[in-house]
Amino acid sequence: RMLKPIWDLDAKRDLEGFLSYFHSDYSGWYNRTPLPDSKPALHKWLMQMYKNRKTLVHDIRPVAIKIHGDIAFVSGN
């Protein structure tokens, strides 16, 4: 699947569609959490977020890879 449609689903607050992109054994680390989350935990937090927050803008950028000699720098948004 392409990345853009997942963010379209998020912007539409389509929780089940958004979560369909995540493996059942998902483990991910949001930069503001002390430990990784599971898919059920992600489901819980997104349900709460969709009820109480409104996303005004998404700024989605692809991963960038810069190579300088024998050093590579990888950055993602």
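Predicted model, so just to flag it, every value in this text is computed and none were measured.
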- prompt: Looking at side-chain heavy atoms only, is the closest gap between Gln48 and Arg53 below 4.5 Å?
  reply: no
- prompt: Just how far is it from atom CG of Leu9 to atom CD of Glu16, taken to the nearest 0.5 Å?
  reply: 11.0 Å
field: Connected via hydrophobic side-chain network under 4.5 Å: Met49 and Leu15
entry: yes
statement: Leu19 and Lys39 have their tightest heavy-atom pair at O-NZ, 3.1 Å
task: For residues Phe18 and Leu46, determine if any side-chain heavy atom of one lies less than 4.5 Å from a side-chain heavy atom of the other.
output: yes
- request: Give a yes or no on whether Ile71 and Val74 share a hydrophobic cluster (residues Ile, Leu, Val, Met, Phe, Trp, Tyr; joining criterion: side-chain heavy atoms under 4.5 Å apart).
  value: no
query: If every non-hydrogen atom of Trp29 is compared with every non-hydrogen atom of Pro34, which pair is closest and at what distance?
result: CZ2-O, 3.1 Å
message: Assigning hydrophobic clusters by single linkage (Ile, Leu, Val, Met, Phe, Trp, Tyr; side-chain heavy-atom cutoff under 4.5 Å), is Trp7 placed with Met47?
response: yes
query: Rounded to the nearest 0.5 Å, what separation is found between the CD1 atom of Ile6 and the OG atom of Ser20?
result: 7.5 Å
- prompt: Between Tyr26 and Tyr21, is any pair of side-chain heavy atoms under 4.5 Å apart?
  reply: no
query: What distance do Arg13 atom CZ and Tyr50 atom OH have between them, rounded to the nearest 0.5 Å?
result: 8.0 Å
Sub-4.5 Å side-chain heavy-atom contact between Leu42 and Phe22: yes
